[in-house]
Protein chains: 2
Amino acid sequence: MAYQPHDSSRHDNTLAVIRSLREQGPVARVDLGILNGISSATVTSISADLLQLGLITELPPDVQRPSGRGRPKTLVQLAPEAACVICVKLSINELQLVVGDYAGQLQHSEHHSVATLALTPDALAALLEEKIAAVRTTALASHRRLVGICLAVQGVVSSHSGTLIWSPALSFRNAPLSAPLADRFDCPVLLENDANCIASVLATKPAYAGYPNLAVIMLGYGIGMSVMIDGVPFLGANGSAAEFGHSKYQPGGALCACGKRGCIEAYASDYALYREAREVLELPAGDSAHPSEQQMQALTQLAMQGNPEAQRIFAEAGRALGYGMANLLALFNPDLVLVTGSGVRGYAAMQEAMQDAIDEALVSELIGPTRIVSCPWDRDMTCLGGIAITLQASDSSLLSGR
Amino acid sequence: MAYQPHDSSRHDNTLAVIRSLREQGPVARVDLGILNGISSATVTSISADLLQLGLITELPPDVQRPSGRGRPKTLVQLAPEAACVICVKLSINELQLVVGDYAGQLQHSEHHSVATLALTPDALAALLEEKIAAVRTTALASHRRLVGICLAVQGVVSSHSGTLIWSPALSFRNAPLSAPLADRFDCPVLLENDANCIASVLATKPAYAGYPNLAVIMLGYGIGMSVMIDGVPFLGANGSAAEFGHSKYQPGGALCACGKRGCIEAYASDYALYREAREVLELPAGDSAHPSEQQMQALTQLAMQGNPEAQRIFAEAGRALGYGMANLLALFNPDLVLVTGSGVRGYAAMQEAMQDAIDEALVSELIGPTRIVSCPWDRDMTCLGGIAITLQASDSSLLSGR
DNA sequence: TATATTTAATTTAGACCCTAAAATAAATAC
DNA sequence: GTATTTATTTTAGGGTCTAAATTAAATATA
């Protein structure tokens, strides 16, 4: 009788244990049981399997703080060297490569300045292959195997097909990036939107737990968004992220990088702010269509110091953002909206106008209980999210031995 | 050893069988197995339980068409008299009450003209109680028990708390409707948004299966929407439906019934169309703030017959609708958008301008594979959806005997 | 120092649920 | 009348979990 189990509970519980360990670090078996609502007998059995596979190790007991009465807990933790993943973040004029270990920790990080808009499809493919090959060599020196690669990019992606549909960092479209890399490096290659990566990290933070519907808005050179529903990113029809930046503020309004008019991004992104500002303000020289962090900080500084022209520009951006939020609240009605990305540097200068615009646009019944909060920006967050997503995707195959 | 099952598969499979029977009518055990991916041995066991509980019956074999070789199938079906539910649809100036049997079929329907805007909270509560009590008496004559009541209303509801937050049919807000009725009739009382009810019906139709992300837009006196994700309505933070009608077309634009300006509804709803039209066209007399079906048909007729003023008005409505769709596509990116409601009568006159507006607003990469389709309107659909939702909610308690 | 107490982890016994295979049932085809 | 086909039921057995019992390893107390 070739028996086929009807019930995936063992598999599910095993994944849940791994996820707990990745989120919490070392945990005792009892606590794994409580955390995941399973009996400690089951945790014992699952831990035995994972120890056997070499995916977890027991922590030596000596290190522990005196635990009071009773038998002391034996903590188990993920074995960092059990596997590794590589995450590549592609953004405008920059390529970041990081290596993450099986515990989800960042092991290596490097940044490269690249004129991304000048790349041809072939040049991009060659560049990715070269850079990934290099970090892979160093990564494999200390890890058993490479279980996945994540490409985290700004723009519209089709995760399912591994095709980058459209990115502000590139001058071409519809690039099938995943397949050739998967062939070359013999492992799954995930293509993810950068906002989804960040949202995946934020959604697991204790401070933002308890908000089943979470929207994360990324301000920066462009404006992106990810919506998490019950901890998983919501992907629409083509598997791409929600494009908050190209929702509309004003029909026929300001010109957007997408070629259309009136998008939120055409008012509140870095390039939009700088485009307005350079007309009327003295600002650092440079490529004003792709303002650098220094250029943006100079502009933000002016607004913070009370320059009325700068303040007017940020207020208008805030108003556009507010109208975008109003639509987001009317259509999605999230519990919490987090605003982050490098553009949060100017959030304080936009916030009041944003709030006024929301109140102007929506009756309070429709605003409902939604909270809107900004969140400090960390350059590595995207890659940490990419690592987490890739590890989680690899767990199933790691369990099945292959 | 007080054993507590760790695994809900029996319960889940039983619910799946009931759902199949409610959607498909009589089905044989083999086919129930195939439909739900379970073995026929399990279906036999589940059917035995359900027969025991009186929730299903076997169909007499004689009625069947000659089925070819082999042992003929024995069809089982839900026992209509096993239970019943009442659905009350509250809309502007009208109250509809229906009774549904356990198979989900409509057994009784009645309409009452009521000046809903003139009702006080107490008068509404008394009216609901009176009308429900009357139909309950007749319903219980032929059904074993009443297992739930559904209030399907236009507007913003908090299903969780059973509070009607805001409805265009009423002149007051924040009405806790469910609790008193649940007490009075000793059964669960669900409060649902009307668009959610309709979407729940449409999402199960074979024609629209295979679209995991489905948006249903209801045109009518107001404009509502429901978004279904994997067959379940998406409820945001306060458990209310998505308010497409109050997303924005034009900041500072036309005045909406909600009191704010520039909502889609202020351009494309019945009252908005009629408000524009009566300025320039000869139309039937009546309450033009709440145009009747006859009034709206007269207006639609004019546009269809080529009246340029009427056509302009519908085109402007279509444009607003298109911009709303653009935001919906940018933020939600559904696989399919269905347009329905009594307002579809004018859809043909709006469609071209709507499509133009979408193309004007969004680059094709963001429109993606989404299809936008209209869907004929059926007056009873809301209540059928309410019945289906209520029956599904009651199944668990029916299985546990109580 | 010896014993009791407390808490963690493991082992044991048993319940539930499902599937595959075998058996039975009820038709049609030849 | 027998063979074939298809549906349903019965049987046997695997997997997974939990509760309870047991074992392990510490602290508290006398």
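Convention: sequence-line order gives letters A, B, ...; per-chain numbering from 1. Reckoned from all heavy atoms, side chains included, excluding hydrogens, waters and symmetry mates.
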**Item:** Within-4.5 Å side-chain heavy-atom neighbours: B/Leu181 and B/Leu151
**Value:**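 Yes; the side chains approach each other to less than 4.5 Å.
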**pair B/Leu235-B/His160: side-chain heavy atoms closer than 4.5 Å** = no
**Prompt:** Counting only N and O atoms by type, is there a donor-acceptor contact under 3.5 Å from the side chain of B/Asn213 to the main-chain atoms of B/Asp335?
**Reply:** no
Nearest to the side chain of [X], heavy atoms from C-beta on, is which of [options]?
X	options	value
A/Ala28	D/dT5, D/dA19, C/dA9	C/dA9
B/Ala41	D/dT18, D/dT10, D/dA28	D/dT10
A/Arg29	C/dT10, D/dT8, C/dA27	C/dT10
B/Pro72	C/dT10, C/dA27, C/dT19	C/dA27
B/Ser40	D/dT4, C/dA8, D/dT8	D/dT8

Over how many whole Å does the gap from [X] atom [atom1] to [N] atom [atom2] extend?
X	N	atom1	atom2	value
A/His6	C/dA20	NE2	P	12 Å
A/Ile38	C/dA8	CD1	P	16 Å
A/Ile46	C/dT10	CD1	P	13 Å
A/Asn36	D/dT16	CG	C1'	16 Å
A/Glu58	C/dT10	CD	P	7 Å

**Message:** Using 30° and 60° as the class boundaries, would you call the ring planes of A/Phe234 and B/Phe332 parallel, tilted or perpendicular?
**Reply:**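 Plane angle over 60°, so perpendicular.
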**Asked** Got a donor-acceptor pair under 3.5 Å from the side chain of B/Arg71 to the base of C/dA27?
**Response** no
**Request:** Quick one: label A/Thr42 by what it contacts on the DNA or RNA (base, sugar-phosphate, nothing), any heavy atom closer than 4.0 Å.
**Result:**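 Base, at least one base atom sits under 4.0 Å.
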**Prompt:** Hey, does A/Ser9 reach any base, or is it just sugar-phosphate, or nothing, if we go heavy atoms under 4.0 Å?
**Reply:** sugar-phosphate
